Enquirer: 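What follows is a single structure, and I will ask about it in a moment.
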2 protein chains.
Amino acid sequence: MSTHNIPLPPTGSTLTTKGWHQEAALRCLLNNLHPEVAEDRENLIVYGGNGQAARNHQALQDIIHALKNLENNETLMIQSGKPVAILPSHEHGPRVLIANSNLVPHWATWEHFNKLKDEGLMMYGQMTAGSWIYIGTQGILQGTYETFMAAAEKHYGEGSDLTGKLVLTAGIGGMGGAQPLAVKMANGVCLACDVEEWRIEKRLKTRYLDVLCKSFDEAIDLALKSVKEKKAISIGVVGNAADFFKYVYDKGIRPDLVTDQTSAHDPLNGYVPHKMTVAEALALRTSNPAKYVELSKLTMGEHVKAMLAFQKAGSHVFDYGNNLREGAKQVGVTNAYDFPGFVPAYIRPLFCKGSGPFRWVALSGDPEDIRVTDEAMKKLFPENKKLHNWLDKAQEMVAFQGLPARICWLNYGEREKAGLMFNQLVREGKVKAPIVIGRDHLDTGSVTSPNRETEGMMDGTDAVSDWSLLNLMINTMNGASWTSFHHGGGVGIGYSQHSGMVICADGSKDMDERLKRVLNSDPGMGVARHADAGYEIARETARKSSLKLPSLKINS
Amino acid sequence: MSTHNIPLPPTGSTLTTKGWHQEAALRCLLNNLHPEVAEDRENLIVYGGNGQAARNHQALQDIIHALKNLENNETLMIQSGKPVAILPSHEHGPRVLIANSNLVPHWATWEHFNKLKDEGLMMYGQMTAGSWIYIGTQGILQGTYETFMAAAEKHYGEGSDLTGKLVLTAGIGGMGGAQPLAVKMANGVCLACDVEEWRIEKRLKTRYLDVLCKSFDEAIDLALKSVKEKKAISIGVVGNAADFFKYVYDKGIRPDLVTDQTSAHDPLNGYVPHKMTVAEALALRTSNPAKYVELSKLTMGEHVKAMLAFQKAGSHVFDYGNNLREGAKQVGVTNAYDFPGFVPAYIRPLFCKGSGPFRWVALSGDPEDIRVTDEAMKKLFPENKKLHNWLDKAQEMVAFQGLPARICWLNYGEREKAGLMFNQLVREGKVKAPIVIGRDHLDTGSVTSPNRETEGMMDGTDAVSDWSLLNLMINTMNGASWTSFHHGGGVGIGYSQHSGMVICADGSKDMDERLKRVLNSDPGMGVARHADAGYEIARETARKSSLKLPSLKINS
Ligand SMILES: NC(=O)c1ccc[n+]([C@@H]2O[C@H](COP(=O)([O-])OP(=O)(O)OC[C@H]3O[C@@H](n4cnc5c(N)ncnc54)[C@H](O)[C@@H]3O)[C@@H](O)[C@H]2O)c1
Ligand SMILES: NC(=O)c1ccc[n+]([C@@H]2O[C@H](COP(=O)([O-])OP(=O)(O)OC[C@H]3O[C@@H](n4cnc5c(N)ncnc54)[C@H](O)[C@@H]3O)[C@@H](O)[C@H]2O)c1
């Protein structure tokens, strides 16, 4: 079947189904497959390797058909991207329930999964691909912004941003390319190198990067000048991170933050060794892969040594989820893990407050509706400087892909408020159609992923996925519009389990109740999870709220 | 803490909590730990190795306290037997949500689990231990009865039982000891050997076995005579299964059914080799374990050869979930798997009809309430001979343990009817207190366990646990009183995932609605799962009902 069988999402304020929750599911499913959103529409791939929205074209057509005919007291069951049953239910709960890519642990390998996938029996759902709430690259940009702002607040005090601060990083490819813009949005100076010039040029064109300098010195000089002037700017330069980081260090420069997003997770096809041209590296990659990997890891060793030197000299250094430390450790840098990963360093304290990537989509398709919500958010949280800054910059710098959407991180307590406010905007006709509220599976209460989001939990419960299941259950009970449970998102089959939640604010009184419950209990489970693990911030968050944690004797 | 801190379950018709769903959870939790029910009360172990009801004594007290104070718009979250949160919810859904023993697949080993357990961070929930709906040994008896009745119906036609039929088996220990009584309840003749005389005597005392014969010949003669007279009887004899089965075969006797429940899953500590006395075997077990295992497997080889010979001669032969075939195969019996396991042979066709182990408990504590429900069930299903037979025999032969309870297998459609009928009995005061309805996690729609319940699925989806999760989600949404998701029940950590459901009929109109939905969608997911895998019986079941299966274009 060819792609023109995939309709665009309906827009406007008229229903094409029997209710707004079905409609929201349909519009979001088709938005995931929107030409501006999906990485590979023909193959139903949304993002993240091969994260799909539906198992195959027939299943997609069957889902569309089912959603169009689904009554308000029925629920559609999706098993790895295929509609397997419609069951009698009731109107105050999910219209769709989704389980993707789940395998009994002993069989949870890529090998077994791919065998089933090849036979048409399964689908890889990633996180928001198979659960129908991906919104394009705004997500990574905002997540990166949030990390840098969290770093600023941690090191320079609440309410701080990166004004007058220098961030040194490397790797500005597909995801890492969000770094320069995110730092600039945080009002800092970003100095970034990448080994490939065409990558840097791509960032220039899309305005994710401001300047490409001709030499290390030119880049450094511009960076230092901008820091002095407190001017937000992003500066790129061609170079290998191992060389550039050492060069900066040797010049006596001490950036405030140092990190890296080269593709070090893949020493053969991602990371590029130094002391040779990229062309030479590409040739070696095919002629002698073993040698290539050896040199790659040796380069990582030098790269990490420079980062450790910065750390010793007072810079705040962190790993950005690319496994760079492991490569360095393997070639003898025994203290490679002396600098922390970004989750324990910056994100976990946010998770402890029940904070996470809250997102919303204007079902009308009208960008004006998002502008209205942006303004309303600013009014709702007048004190939240970080949020105001993000929303202003996002309005200016972020192009919508598919249905207009917005993302920002909100705490436990705030999400509930925002949800009720959106419902009121819909009720009062301030926006043209209902607003859909969702989140990434990467959130405070929803994901168990011992190599990333739950790495190094205080009590050692990194792999305990009871928490993700409880999150799924309470959101399903409390009346989300659709919920989901996936396996293998982010880090691959065998390594994670996580739950999704999407809820549609249709302006009704009933949705006031459901929004209040769901947007309380969803992040509430995150606070409970971190409080139980021993994090004092989470316990304090619970104490200051009405969240009851019986085994900790908090509020109960 | 000593056991007298564990209260007995409250009984009678007066609430000790703020609603009947909390009350049901409290009574069932404490019933799981009732002295007549729990295997090891002091350690909170209910059954099945170390399947626990709560993580530790402190957690148990905290759960009791939480249930006693839980409002009707709150939900208690249990993580591996500990009460971790109370969240705002609503009155038409679960009062308790439970996730036990779940680990991200890569870490899902006994080793990692036990480490966490030793640190007090997890608990093994088995199936109904941690989900608070175990009812004692009636379950295994009824499951065994159901298997033998399914065999009778398959081989001798619908409505048939084992009248005038001879069943040959071995191993009448803890679970296998249910075989003689189950065959007798099915009106057949059971001829069973066990290598240990004291085991047989134990069955005689508890009336699970009628006669212990002194010799092989005496046992065989009595069995043949009883078959001729169509007299239901169970006959035991001391002997090794490998020897006795061959002896029976060589005598030219061809039993109708042949199976086995020796502990062949454990060749060292369970199964006993032949050509030596039990005393000699016990000595060898410690002096030379390797040799013991070798002889054990060689004995399994002979044992299976005899079973294959019976099969070739026309007997219906099946494996009863003890891994006997594997042991035989390992010593060169290449065709050991020529006879099937009991699930593909007899249980799966039941699962295809949405049938499974439906159970109910009289919260009043009064046995008379169960008598009333027994009679009402017979009236509700006047045509179901198998059910009538079971209920009559159960009334006569099954002693209650803890709160009076009953179990029987009901199909898709029937469960809904039974639930509504129970709710009416409560409403009309025909019983003294609400009735709790639950089921094993071993059920048509709830379990994924590739070495047992989902072994050899037609389409190869043995390990796809999306189905168990969908079952969890729809029951949670549709308003069960509590739901649960466990890992590792039955077959151990790493090898299964399964969901539980319990719903309390309190006589209200609201519960009519919830019972109708839950008891429809719960087995409905089972029918959907088997229909999707290609089983025609399941597709036919769906077609004859109103169950909508979109991807199969059934009713939709
Ligand atoms: N939140 C997270 O944990 C998170 C988010 C996004 C990305 N990541 C990780 O960050 C890494 C980058 O992701 P991506 O999608 O941008 O990958 P990508 O392959 O698109 O980009 C990597 C970039 O690194 C450059 N590079 C490689 N070796 C280099 C070297 N030695 N010196 C300088 N530049 C070099 C490449 O030219 C390329 O532009 C990956 O390892 C990914 O897993 C983590
Ligand atoms: N539904 C199921 O799949 C299911 C249910 C229950 C039990 N089982 C399996 O059945 C087996 C028995 O379970 P149990 O709880 O009764 O175990 P158990 O250890 O209590 O009893 C096993 C009995 O077998 C006897 N035995 C051992 N070797 C023998 C031999 N060679 N010949 C004759 N008798 C011998 C022992 O004396 C003992 O009485 C186990 O392997 C168990 O996993 C499966």
Side-chain angles (χ1 to χ4, degrees), chain A residues 59 62 66 75 77 79-80 82-90 93-94 97 99-100 102-108 112 116 119 121-122 448 450 459-461 463-467 469-470 472-474 476-478 483 485 494-497 517 520-521 524-525 528 532 547-551 556, chain B residues 59 62 65-66 75 77 79-80 82-90 93-94 97 99-100 102-108 112 116 119 121-122 448 450 459-461 463-467 469-470 473-474 476-478 483 485 494-497 517 520-521 524-525 528 532 547-551 556:
Chain A
D62 291 344
T75 292
M77 313 298 287
Q79 183 262 323
S80 282
K82 199 175 85 171
V84 294
I86 292 171
L87 296 173
S89 62
H90 59 81
L97 296 171
N100 286 327
N102 297 286
L103 286 168
V104 174
H106 186 69
W107 291 264
H112 189 72
L116 291 166
E119 291 168 13
L121 296 166
M122 280 205 113
T448 313
D459 62 347
T461 55
V464 178
S465 52
D466 290 337
W467 300 99
L469 284 151
L470 292 176
L472 168 77
M473 291 159 90
I474 191 71
T476 302
M477 162 180 190
N478 266 344
T483 56
F485 200 82
Y495 292 89
S496 62
Q497 289 175 304
R517 289 194 303 251
N520 178 307
S521 54
M525 272 313 300
D532 192 71
L547 188 60
K548 297 182 181 180
L549 308 182
S551 57
S556 81
Chain B
D62 291 343
H65 179 81
T75 292
M77 313 298 286
Q79 183 261 324
S80 282
K82 199 176 84 171
V84 293
I86 292 170
L87 295 172
S89 62
H90 60 80
L97 296 170
N100 286 327
N102 296 284
L103 286 168
V104 173
H106 185 69
W107 291 264
H112 190 72
L116 291 167
E119 292 168 11
L121 296 165
M122 282 205 109
T448 313
D459 61 349
T461 55
V464 178
S465 51
D466 290 338
W467 299 99
L469 283 152
L470 292 175
M473 290 159 91
I474 192 68
T476 302
M477 162 181 189
N478 266 344
T483 57
F485 200 81
Y495 291 88
S496 61
Q497 290 175 303
R517 290 194 303 253
N520 179 307
S521 53
M525 273 312 300
D532 192 71
L547 188 61
K548 297 182 181 180
L549 308 182
S551 58
S556 81

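What you are looking at is a predicted structure, and each value in this text was computed from that prediction instead of being measured. The chains referred to below are lettered A, B, ... by the order of the sequence lines, with proteins before strands, and numbering in each begins at 1.
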Enquirer: Considering non-hydrogen atoms only, spot the tightest contact between L116(A) and G460(B) and give its length.
Expert: CD2-O, 3.6 Å
Enquirer: Checking heavy atoms, do the side chain of M122(B), its backbone, both or neither come under 4.5 Å from chain A?
Expert: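 The side chain, not the backbone.
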Enquirer: If we only count heavy atoms from C-beta on, is the V104(A) to P450(B) side-chain gap below 4.5 Å?
Expert: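 SC-SC contact between V104(A) and P450(B) confirmed.
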Enquirer: Looking at G93(B), A528(B), P550(B), which makes the most heavy-atom pairs under 4.5 Å with chain A?
Expert: P550(B)
Enquirer: Quick one: CZ on F485(B) to CG on D466(A), what's the gap to the nearest 0.5 Å?
Expert: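 Between F485(B) CZ and D466(A) CG, I get 10.5 Å after rounding to 0.5 Å.
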Enquirer: Chain A: which of L549(B), T448(B), V464(B) shares the most heavy-atom pairs with it under 4.5 Å?
Expert: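 The residue among L549(B), T448(B), V464(B) with the greatest pair count is V464(B).
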Enquirer: Please flag which part of A59(B) lies under 4.5 Å from any non-hydrogen atom of chain A: side chain, backbone, both or neither.
Expert: neither
Enquirer: Short question: side chain of T476(B), backbone of M477(A) - any donor-acceptor pair under 3.5 Å?
Expert: no
Enquirer: With rounding to the nearest 0.5 angstrom, report the CD1 to OG distance, I86(B) to S521(A).
Expert: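 OG of S521(A) is found 13.5 Å from CD1 of I86(B).
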Enquirer: Write down the atom of L103(B), the atom of Q497(A), and the distance for their closest heavy-atom approach.
Expert: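 Of all heavy-atom pairs spanning L103(B) and Q497(A), the closest is O-OE1, 3.4 Å.
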Enquirer: Counting only heavy atoms closer than 4.5 Å, note whether S496(B) contacts chain A via side chain, backbone, both or neither.
Expert: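 The answer is the backbone of S496(B).
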Enquirer: Counting heavy-atom pairs under 4.5 Å with chain A, which one of S556(B), A108(B), P94(B), A66(B) comes out on top?
Expert: P94(B)
Enquirer: Is there a donor-acceptor pair closer than 3.5 Å between any side-chain N or O of S551(B) and the backbone N or O of P83(A)?
Expert: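 The answer is yes, because a donor-acceptor pair under 3.5 Å joins these two groups.
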Enquirer: Considering non-hydrogen atoms only, spot the tightest contact between M473(B) and L472(A) and give its length.
Expert: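 Answer, listing the atom of M473(B) first, then L472(A): CE-CD1, 3.6 Å.
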Enquirer: Could you look at D459(B) and say if it's the side chain, the backbone, both or neither that has a heavy atom under 4.5 Å from chain A?
Expert: both
Enquirer: Any idea which heavy atoms bring N478(B) and H90(A) closest together, and the distance?
Expert: OD1-CD2, 3.9 Å
Enquirer: Picking from D532(B), T75(B), V84(B), which has the most non-hydrogen pairs under 4.5 angstrom with chain A?
Expert: V84(B)
Enquirer: Heavy-atom pairs under 4.5 Å with chain A: which of M525(B), M77(B), H112(B) has the most?
Expert: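 Top option by heavy-atom pairs under 4.5 Å: M77(B).
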Enquirer: Would you mind telling me which of N100(B), D62(B), N520(B), L97(B) has the largest number of heavy-atom pairs within less than 4.5 Å of chain A?
Expert: L97(B)
Enquirer: Heavy-atom cut-off 4.5 Å, strictly under: side chain, backbone, both or neither for L121(A) against chain B?
Expert: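 The side chain, not the backbone.
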Enquirer: Could you check whether any side-chain N or O of N102(A) sits under 3.5 Å from a backbone N or O of S465(B), counting only pairs where one atom can act as donor and the other as acceptor?
Expert: no
Enquirer: Please classify the contact of L87(B) with chain A as side chain, backbone, both or neither, using a heavy-atom distance under 4.5 Å.
Expert: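 Contact with chain A is through the side chain of L87(B) alone.
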Enquirer: Looking at W107(A) and G494(B), what are the two nearest heavy atoms and their distance?
Expert: CZ3-O, 4.2 Å
